[in-house]
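Just below is one structure, and these are the notes that go with it.
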Amino acid sequence: MITSRSNPRPRRPHRRRLLAAAAAILTLLGTAGAAGARPDEPTDPVPAGAAAAADGLRSVSLPGLTRPTYRVTLITGDEVTLTRDGGRYTVTAIPSARADGTRPTIDVTVRTGPGGTDTRLHALPSDAQTLVASGAIDRKIFDVAWLAAQVERGADTPLAVTVDYGDRLDAAALDKRVAGLPGVTTAGKHPEHGTVDLHVAPRQAAAFWAALKGDSSRGEFSDYLFDRVTPKLGGDAVALWPTGLRSEKAEPQTDTGQPTYRVTQTYKRTNGEPFYCGTRLMTICPTFGFLLAQVAGNAVGSGYESVSARCLDDDPCTTFEATFEVPPGTYQAGGHALFRLDGRDQQLNLELPEFTVTGDTALMRDADAARQLTVGTPRPTETFVASRTTFRTFSNGQGGGTLSFTGYGNSSFWAIPSPPVTVGTFHLGTNWVLGKPMVTMAVTTPERVALKPMLPTYWYRSPGFDVVRFSGRQTLQLVDGGLGRAADYDRITAKGKIVLLRIDADKPVGGQCRVGTEQLMRARAAGAVAVLVDPISSGGPWPTTVCPLPVAPDWWSSPQEVADIPYAAISPAEAENLRGLLRRSPVRIDVSGYDSVSPYVYTLHIYQEGRIPTSLHTEVTDKQLAKVDTSLHGTQAQPASLIYSAFRPNETAVAGVPYSYLTDSVRFTTYRGPVSPDLVRNQFYEPSGGQPGVRTIDVADRAGPASARWTSRPLVPGAPALSPQIFRSQPGKWEGDWSNEICAFCRQGDTFYPITYLVSGAAPDHLMGSYVFEPQNVHMYADGQELPQANSLIWGATYHLPAEPRRYRLTAQNGATTTTWNFTSAAATRNEPPKGSKCPEGSGSPCHADPLLFLRYDVGADLGDAVTAPGRHQITVTAYHQVASAPTVKRVALAISTDGGVTWKTLPTKSRGGGNHTANYQVPQLADTTGTVSIRASAEDADGNTVEQTVLDAFRLTSRR
């Protein structure tokens with residue numbers, strides 16, 4: 001509901017704002033979006049991809065950052081990964097568990113100045129919001145670019161921070177103050193200011209944060225917002241900031257010379273479950289600041305923070321309001337909140353994409369009208385992890401948005417329906433990783449009752465975060481074990497049964513809302529086969545606490561024995577219902593689970609365009625999904641991760657959603673979709689065992705079968721095969737200044753750069769990062785004479801060559817692979833790197849790729865990169881160039897060795913077109929080999945360019961089972 005009346009207020013000095021510091025973080029303003037519609041253009045929602053044709057989209061610039069990927073640790077212990085995709089970035093945030101077992105929401109915002117300069121990214125955890133809003137913690141400490149700059153000096157570079165104790169203290173007193181802070185070393189003391197410069201070890205950042213944050217029973221965001229309770233840091237600290245870097249108190253706003261009007265936003269939820277938000281019982285809990293951003297008018301891009309806020313009722317507070325003072329114009333309203341449903345936290349987006357202010361205006365944000373963002377799939381699923389994105393462009397082409405990251409169990413997103421936007425563009429997006437439910441339960445006796453059990457995490461394997469999962473299907477009798485103390489087991493028979501337990505917080509170590517090892521081990525000792533956890537916690541600092549799901553175990557944060565029994569948590573209402581059934585008769589529960597990687601995963605990118613519609617449910621069918629046979633190759637069976645993201649035509653920073661702690665050597669089906677012709681999707685694979693990280697960029701524009709064989713060996717030097725679909729999907733957005741890759745074996749001016757990539761023939765579009773040969777492993781010759789090497793600080797060995805065409809021989813070795821190329825090189829006369837690639841030294845002088853001929857191999861190996869012995873198999877060898885106008889391949893030769901390269905057997909090859917050649921071969925008994933197959937191959941093109949390559953121990957042999 002929106003009401004407005006004309007009642008202009010005279011201009012006056014800006015009042016002190018409650019959220020001055022928070023607003024600078026929560027605002028995403030700048031040229032990060034395409035040019036929006038003019039106010040006089042049609043009011044229909046802007047279709048997907050409409051902004052791609054505009055010229056307003058500028059590449060993101062983060063000066064000083066040279067690496068393609070940065071993994072940084074926030075001062076809170078949360079992890080953020082920043083990955084560059086040409087002029088765009090994928091940001092992934094993984095919340096870490098707090099001492100009470102909860103995980104915060106992390107909001108990542110971006111601000112980009114004119115022309116793509118002055119770009120800033122901030123990642124703010126929800127439990128730091130109050131401290132940042134009040135100024136106790138400088139927002140720059142959550143500046144992702146600043147954190148990435150620290151990583152430039154090394155992965156374990158400590159975080160340089162300054163703690164202010166507010167008084168003049170001598171050196172001994174300062175030492176005493178910081179003595180209790182874990183993971184720190186003192187870098188400098190300033191008694192005259194009462195400050196200490198500290199270096200915080202990233203691995204101990206979470207412990208440092210817990211000690212610095214101190215008691216959080218008061219001073220949460222709602223207390224600060226409504227009661228002006230200023231939060232305090234622990235240990236008598238009054239402020240924290242990055243050493244040598246501090247923010248302005250508030251960012252300037254545009255003075256339009258117009259009168260200002262009062263905007264009052266009222267937020268209510270009358271049907272919610274009351275829970276404690278800070279010290280106040282509420283049904284809707286604000287978690288991030290409230291902001292109005294002008295999208296059209298005389299102050300486009302200006303952000304206005306609330307000047308006051310208050311609860312309108314109490315015990316519980318079901319309705320509160322925030323007021324703003326703004327000049328006339330068209331605005332977007334933001335804000336986030338939590339409410340609780342069936343004992344589970346729900347993430348509520350309070351976004352109102354557009355409203356107009358011509359006088360004093362009242363807005364009603366009715367959370368009872370909110371709709372959940374849900375997705376239906378052809379197979380049963382639960383949400384492993386997800387992220388939410390809002391993106392808005394303004395009338396002048398600037399724009400804003402926020403990427404919200406949650407942990408497992410907290411990805412329940414809601415939004416309130418809105419009218420369509422009439423200025424610029426808007427979308428609300430969700431990125432989902434869904435999988436087969438890890439455990440399902442249903443009461444079968446005395447009546448049928450479906451349960452919604454939740455495991456502690458969706459991870460399959462994670463060192464230090466072990467948990468036993470349910471496996472197989474069985475029907476178990478339920479018994480009520482109370483708090484699971486010895487006296488509780490004296491009155492029940494738990495053998496062979498599933499025990500219902502409340503959390504016992506009265507324990508030597510551990511959190512109020514975490515399950516203790518001893519509690520679970522007593523269930524195991526009593527013969528129970530599984531535990532159901534009622535998230536009501538008794539004892540500890542508070543007599544009774546209703547804990548949010550999921551319920552984590554104590555051993556994740558306090559070193560203890562891992563309990564060898566599976567457990568799952570259910571809501572308090574479900575637990576109470578089970579106790580009611582137990583009072584009537586015996587209760588039996590059908591339990592089904594699996595202890596492995598999910599056999600199928602849905603990776604979905606879904607967008608609501610132009611407005612927040614009344615229905616936020618999306619049903620996807622197999623006709624909208626690409627079915628990908630996914631295999632993660634390797635032999636270590638160590639934790640690995642896949643990260644999924646997608647770029648719309650008008651986005652420069654997007655959320656990456658991690659499917660974490662898989663293992664290599666596994667296989668499953670990935671359903672990708674909904675298929676879309678203008679959405680470019682990224683996948684990042686971070687394998688174990690020292691293997692390089694891998695990514696792929698493509699467009700899923702059609703349903704049907706496909707395959708993805710990650711890090712399938714052998715991996716040999718070559719050039720990536722970028723999908724031509726990405727250039728058709730978003731013209732101009734993945735080439736030129738937006739290019740992702742550095743040109744392989746490129747000639748720029750008179751300098752030749754022997755930069756390469758490691759390429760798998762089983763997945764040639766998988767990019768394994770640029771590879772720089774060690775200087776001693778690369779040599780270049782002309783007329784039989786070796787050429788002297790030069791050195792690039794970034795790209796290693798280089799060669800200075802004359803401008804005129806000349807024949808060269810290049811030899812290089814990486815690991816067990818030795819390659820020799822013969823080719824002609826001449827200076828580039830115009831800038832024409834391969835499409836999707838850019839010159840090594842930027843655009844200072846023309847560059848092109850020299851016509852080297854490459855080889856890659858698909859050996860049809862299993863997940864462990866092995867084929868059976870004895871046995872008959874096939875190899876596909878592909879000879880290719882990285883430039884489209886390259887000469888045709890006229891010859892390919894292939895030989896293999898099963899004795900480590902001592903003897904070789906030549907294989908006849910058959911051309912399959914497109915440079916592909918196949919060869920069949922027979923391997924003897926495993927005992928008659930060295931356990932591996934080596935490859936020797938060569939090729940020549942019509943211009944006489946050649947390649948010769950030997951790959952020792954290219955893949956393994958394994959006995960036939």
Side-chain angles (χ1 to χ4, degrees), residues 342-344 380 382 409 436-457 467-507 513-539 544-554 563-595:
D342 197 23
R344 294 171 170 86
E382 70 170 315
K436 180 180 178 180
M438 292 175 290
V439 59
T440 58
M441 296 184 184
V443 176
T444 57
T445 304
E447 59 187 62
R448 186 79 181 178
V449 179
L451 301 176
K452 298 178 181 178
M454 182 177 291
L455 295 184
T457 178
V467 64
V468 176
R469 298 233 310 234
F470 291 82
S471 183
R473 183 172 182 175
Q474 52 190 326
T475 299
L476 301 173
Q477 185 173 340
L478 178 72
V479 291
D480 187 355
L483 289 173
R485 297 174 179 174
D488 293 314
Y489 287 106
D490 289 341
R491 59 179 178 77
I492 62 172
T493 300
K495 186 175 181 179
K497 300 175 182 177
I498 184 169
V499 181
L500 177 63
L501 298 178
R502 284 188 171 183
I503 299 172
D504 187 357
D506 187 10
K507 50 193 171 184
C513 285
R514 294 199 301 265
V515 173
T517 299
E518 291 184 359
Q519 189 178 19
L520 294 176
M521 294 298 281
R522 281 194 293 269
R524 168 62 81 191
V529 296
V531 169
L532 263 185
V533 175
D534 174 356
I536 301 295
S537 176
S538 300
T544 303
T545 300
V546 180
C547 301
L549 275 62
V551 174
D554 269 336
D564 185 23
I565 187 171
Y567 79 88
I570 55 177
S571 71
E574 289 176 309
E576 187 58 35
N577 185 42
L578 289 178
R579 290 192 178 92
L581 293 175
L582 282 171
R583 287 191 288 268
R584 292 163 39 196
S585 65
V587 173
R588 300 183 69 82
I589 299 178
D590 183 70
V591 181
S592 181
Y594 61 94
D595 186 17

Looking only at heavy atoms, which two atoms of L549 and A569 are closest? And how far apart?
CD2-O, 4.0 Å
For atom CD of E518, is the number of surrounding heavy atoms from other residues, nucleotides or ligands below 6.0 Å larger than 12?
no
Less than 4.5 Å apart, any side-chain heavy atom of M438 and any of F470?
no
Restricting to non-hydrogen atoms, name the atom on L455 and the atom on Y567 that form the minimum distance, rounded to 0.1 Å.
CD2-O, 3.5 Å
Between CG of L532 and CE of M441, what distance do you get to the nearest 0.5 Å?
4.5 Å
Within this structure, what is the CZ-NZ distance for the pair R588 and K497, rounded to the nearest 0.5 Å?
9.0 Å
Under a 3.5 Å distance rule, please check whether R524 uses its side chain to pair with a backbone N or O of A563 as donor and acceptor.
no
Any chance CZ of R473 has more than 12 other-residue heavy atoms, nucleotides or ligands included, within less than 6.0 Å?
no
Heavy-atom closest contact (G481 atom, I492 atom, distance):
CA-CD1, 4.0 Å
Taking the six-membered ring of Y489 as reference, does the NZ or CZ atom of R522 fall below 6.0 Å from its centre and within a 45° cone about the axis?
no
Nearest 0.5 Å please: distance from the CG atom of D554 over to the OG1 atom of T517.
6.0 Å
Do you know which two heavy atoms are closest between S537 and A505, and how far apart they sit?
OG-CB, 3.3 Å
Sole residue of L483, D534, I536, V533 in side chain to side chain contact (heavy atoms under 4.5 Å, CB included) with I503:
V533
Are the side chains of R579 and D480 in touch, meaning some heavy atoms are under 4.5 Å apart?
yes
Nearest 0.5 Å, please: how far is CG in L478 from CD1 in I589?
4.5 Å
Verify the distance criterion only: is there a donor paired with an acceptor across the side chains of D342 and S571 at less than 3.5 Å?
yes
Taking C-beta and beyond as the side chain, do C513 and T545 meet within less than 4.5 Å on heavy atoms?
yes
For a side-chain contact (heavy atoms from CB on, under 4.5 Å) check, start with the C-alpha distance between L578 and E576, then their side-chain angles and the critical distance, and finish with the verdict.
CA-CA 5 Å; L578 289 178; E576 187 58 35; over 6 Å; no
Using side-chain heavy atoms (C-beta onward) and a distance below 4.5 Å, is L582 in contact with V587?
yes
Can you tell if the side chain of R448 reaches within under 4.5 Å of the side chain of T444, non-hydrogen atoms only?
yes
Which pair of non-hydrogen atoms, one from P380 and one from P437, has the smallest distance, and what is that distance?
O-CD, 3.4 Å
Do the side chains of V443 and L581 get nearer than 4.5 Å, heavy atoms only?
yes
Where do P456 and A552 come nearest, in terms of heavy atoms and distance?
CB-CA, 4.5 Å
In chain order, what residues pass the salt bridge (charged side-chain N to carboxylate O under 4.0 Å, His left out) check against K452, with sequence neighbours excluded?
none
For a side-chain contact (heavy atoms from CB on, under 4.5 Å) check, start with the C-alpha distance between V529 and I565, then their side-chain angles and the critical distance, and finish with the verdict.
CA-CA 7 Å; V529 296; I565 187 171; over 6 Å; no
Would you say S592 and V439 make side-chain contact, with heavy atoms under 4.5 Å?
no
Rounded to the nearest 0.5 Å, how far apart are CG of D506 and CZ of R485?
5.5 Å
Gap separating the CZ atom of R344 from the CD1 atom of I570, nearest 0.5 angstrom
9.0 Å
Return the set of residues passing salt bridge (charged side-chain N to carboxylate O under 4.0 Å, His left out) with R491 (not counting sequence neighbours), or none when no residue passes.
D488
Side-chain contact, heavy-atom cut-off 4.5 Å: V479 with L500?
no
